[in-house]
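Below you'll find the structure, written out as structure tokens, and then a few comments.
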Amino acid sequence: MATSLSAVIIALNEETNIGRCIDSLSGIADEIIVLDSLSTDKTAEICQNKEGVVFVQRAWEGYSNSKNYANNLATKDYILSIDADEALSEELRQAIIEVKKNPSAIAYSFNRLTNYCGKWIHHCGWYPDTKTRLFKRGERKWTGEIHETLNFPTDQIKKIKGDLLHYSFPSIASHVRTLNSFTEVAAQELMSKNKKVSFVLHVLINPTSTFIKKYFVQKGFLDGYYGFVISSISSFANFIKYVKLIEFKRKNKNKLTS
């Protein structure tokens, strides 16, 4: 008997992506669970019109908490965790079918290929971007506020072929908007850990070294115009993260002395 599989998706205002994501799971998932964080667009309508989708709504409580809550709703042997803006490539679909026929590991990883403004990005440190997203139910919980992870020992993870297709940013404006929210959370997380910050190291040197690493070392220049854009925005994100951290520290200091 083949191993059963629950596909778990978290979503918030994903009307442009969620249909593609669900459709890519057809013939793969034995159940599809969508945890929606009270979307105000057509996400709910799209999901409810898809056959076999268990649609649940719950207020947003962060990436890890949301994914862990959704995992607890799953009932099958293995969980495939996939974001609303992702979809399975045909090669990855076939690889997961083979895993279901003969599972030989607790967890499985595969590459993620990102589409940025209509272009597939193969450099800038964005590929292969290996992710562990297929795992035995109940084995691990997600941790981390941003870039949440499942902490499996390396010897428990088996890599399979195929790409998880990530439709990340349809425009540069959407990238910048996400940058603002992500750097806010990242700076707050560093603040909670009492991270020491150096103006020269983190504000002046770090952003520059980030651009050099992504554009030259990781060959972002081979991705053309958008390789330059990604490298530049990544550099700016580091700058914003640390100046926000400095701002938080100054505000905290003023509170303590007032």
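Hydrogens, waters and symmetry mates are skipped; everything else that's a heavy atom, side chains included, is used. Because the structure is predicted, anything quoted here is derived from the model rather than measured.
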Show the atom names and distances, to 0.1 Å, of all donor-acceptor pairs under 3.5 Å that link a side chain in residues 194-203 to residues at least two apart or in another chain.
residue : atom : partner : partner atom : Å
Ser198  : OG   : Leu201  : N            : 3.2
His202  : ND1  : Ser198  : N            : 2.9
His202  : ND1  : Ser198  : O            : 3.4

Which pairs would a plain distance check flag for residues 45-55, meaning a side-chain donor or acceptor within less than 3.5 Å of a matching protein atom at least two apart in sequence or in another chain?
residue : atom : partner : partner atom : Å
Asn49   : ND2  : Glu45   : O            : 3.1
Lys50   : NZ   : Asp23   : OD1          : 2.8
Lys50   : NZ   : Asp23   : OD2          : 3.3

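By the 30° and 60° cut-offs, the orientation of the rings of Phe169 relative to Trp126 is tilted.
No continuous path of ILVMFWY side-chain contacts below 4.5 Å connects Tyr167 to Ile82, so the two sit in separate hydrophobic clusters. Linking Ile, Leu, Val, Met, Phe, Trp and Tyr residues whenever their side-chain heavy atoms come within less than 4.5 Å leaves Tyr127 and Phe228 in two separate clusters. Both Phe236 and Leu190 belong to a single network of hydrophobic side chains, linked directly or stepwise wherever heavy atoms of I, L, V, M, F, W or Y lie under 4.5 Å apart. Under a hydrophobic-cluster definition in which Ile, Leu, Val, Met, Phe, Trp and Tyr are linked whenever side-chain heavy atoms come within less than 4.5 Å, directly or via other members, Tyr226 and Leu179 are assigned to the same cluster. Hydrophobic cluster membership is shared by Phe239 and Ile233, with clusters built from Ile, Leu, Val, Met, Phe, Trp and Tyr side chains linked at under 4.5 angstrom.
Remark: the Glu90 side chain and the Gln94 side chain contain an N/O donor-acceptor pair separated by less than 3.5 Å. Between the side chains of Ser4 and Asp30, no donor-acceptor pair is found at a separation under 3.5 Å. Remark: the Arg177 side chain and the Asn180 side chain contain no N/O donor-acceptor pair separated by less than 3.5 Å.
Scanning for side chain to side chain contact (heavy atoms under 4.5 Å, CB included) contacts around Ala107 gives Thr132, Phe135, Phe152, Ile157, with sequence neighbours left out.
Side-chain N or O atoms of Asp41 include one that pairs as donor or acceptor with a backbone N or O of Glu15 at under 3.5 Å. When atom types are taken as modelled, the side chain of Thr208 and the backbone of Leu204 share a donor-acceptor pair closer than 3.5 angstrom. Listed for the Ser66 side chain is no donor-acceptor partner under 3.5 Å among the backbone atoms of Tyr63. A donor-acceptor pair under 3.5 Å links the side-chain atoms of Asn254 to the main chain of Arg250, judged by distance alone. Without hydrogens or angle criteria, Ser39 side chain to Asn13 main chain gives a donor-acceptor distance under 3.5 Å. For the pair Asp85 (side chain) and Glu14 (backbone), a donor-acceptor distance under 3.5 Å is absent. Panel note: side chain Arg133, backbone Ser81; a donor-acceptor pair is recorded below 3.5 Å.
Closest of all the heavy-atom pairs between Ser104 and Lys158 is OG-NZ, 3.2 Å. Summarising the geometry of Leu25 relative to Ala7, their closest heavy-atom pair is CD1-CB, 3.6 Å, with the distance given to 0.1 Å. For Ala84 against Cys21, the heavy-atom pair with the smallest separation is O-CB, 3.5 Å. Of all the heavy atoms in Arg93 and Ser26, the pair that sits closest is NH1-O, 2.7 Å. Here the closest non-hydrogen pair linking Ser231 and Gly227 is OG-O, 2.8 Å.
Ion pairing between Lys244 and Glu247 fails under the 4.0 Å rule for side-chain N and carboxylate O.
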Exercise for the section: Report the C-alpha separation of Ser234 and Phe211 in whole Å, then their side-chain angles, then the decisive distance to 0.1 Å, and conclude whether the side-chain contact (heavy atoms from CB on, under 4.5 Å) test is met. Expected result: CA-CA 7 Å; Ser234 297; Phe211 177 84; over 6 Å; no
Exercise for the section: Please test Leu35 against Val8 for side-chain contact (heavy atoms from CB on, under 4.5 Å), starting from the C-alpha separation and ending with a verdict. Expected result: CA-CA 8 Å; Leu35 178 63; Val8 175; over 6 Å; no
Exercise for the section: Would you sort out whether Ser235 and Tyr215 count as a side-chain contact (heavy atoms from CB on, under 4.5 Å), showing the intermediate values? Expected result: CA-CA 10 Å; Ser235 170; Tyr215 194 66; over 6 Å; no
Practice task
Test side-chain hydrogen bond (donor to acceptor under 3.5 Å, both in side chains) on Ser6 and Glu31 and set out the steps.
Solution key: CA-CA 5 Å; Ser6 298; Glu31 70 175 356; 2.6 Å; yes
Exercise for the section: Tell me, with the steps shown, if Leu134 and Phe110 meet side-chain contact (heavy atoms from CB on, under 4.5 Å). Expected result: CA-CA 9 Å; Leu134 177 59; Phe110 35 80; 4.2 Å; yes
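Residue pairs meeting the salt bridge (charged side-chain N to carboxylate O under 4.0 Å, His left out) criterion with at least one member in residues 207-231, sequence neighbours excluded, do not occur. Among pairs with a residue in residues 56-78, those fulfilling salt bridge (charged side-chain N to carboxylate O under 4.0 Å, His left out) read Arg58-Glu61, Lys67-Asp83, Lys67-Glu148, at least two apart in sequence or across chains. Screening residues 107-116 for salt bridge (charged side-chain N to carboxylate O under 4.0 Å, His left out), with sequence neighbours left out, gives Glu86-Arg112, Arg112-Asp129.
Put simply, the side chain of Ile246 does not reach to within 4.5 Å of the side chain of Lys249, judged on heavy atoms. Inter-residue side-chain proximity for Ile172 and Cys117 is flagged as met; some heavy-atom pair is nearer than 4.5 Å. Between Arg140 and Gln156 there is a side-chain heavy-atom pair separated by less than 4.5 Å. Looking at heavy atoms from C-beta onward, Val99 lies out of side-chain contact with Leu5 at the 4.5 angstrom threshold. In this structure the side chain of Pro103 reaches within 4.5 angstrom of the side chain of Tyr108, judged on heavy atoms. Within the 4.5 Å cutoff, no side-chain heavy atoms of Asp36 are placed close to those of Ile18. Thr149 has its side chain within reach of Thr143: a pair of non-hydrogen atoms, C-beta onward, lies under 4.5 Å apart. In this structure, Arg20 and Leu165 have side chains that are not in contact, with every pair of non-hydrogen atoms separated by 4.5 Å or more.
From Gln188, atom CD reaches atom CG of Leu245 across 10.5 Å, with rounding to the nearest 0.5 Å. Between the OG1 atom in Thr210 and the CD1 atom in Ile205 there is a gap of 11.5 Å [rounded to 0.5 Å]. Remark: Ile33 CD1 to Ile9 CD1 distance equals 9.5 Å, nearest 0.5 Å. Distance check, rounded to the nearest 0.5 Å: CD1 of Ile10 to CG of Asn68 gives 10.0 Å. With rounding to the nearest 0.5 angstrom, the NE2 atom of His122 is 10.0 Å from the OG1 atom of Thr114. Taken from CD1 in Ile28 to CD1 in Ile97, the straight-line distance is 4.0 Å, to the nearest 0.5 Å.
Heavy atoms from other residues, nucleotides or ligands lying under 6.0 Å from NZ of Lys159 number more than 12.
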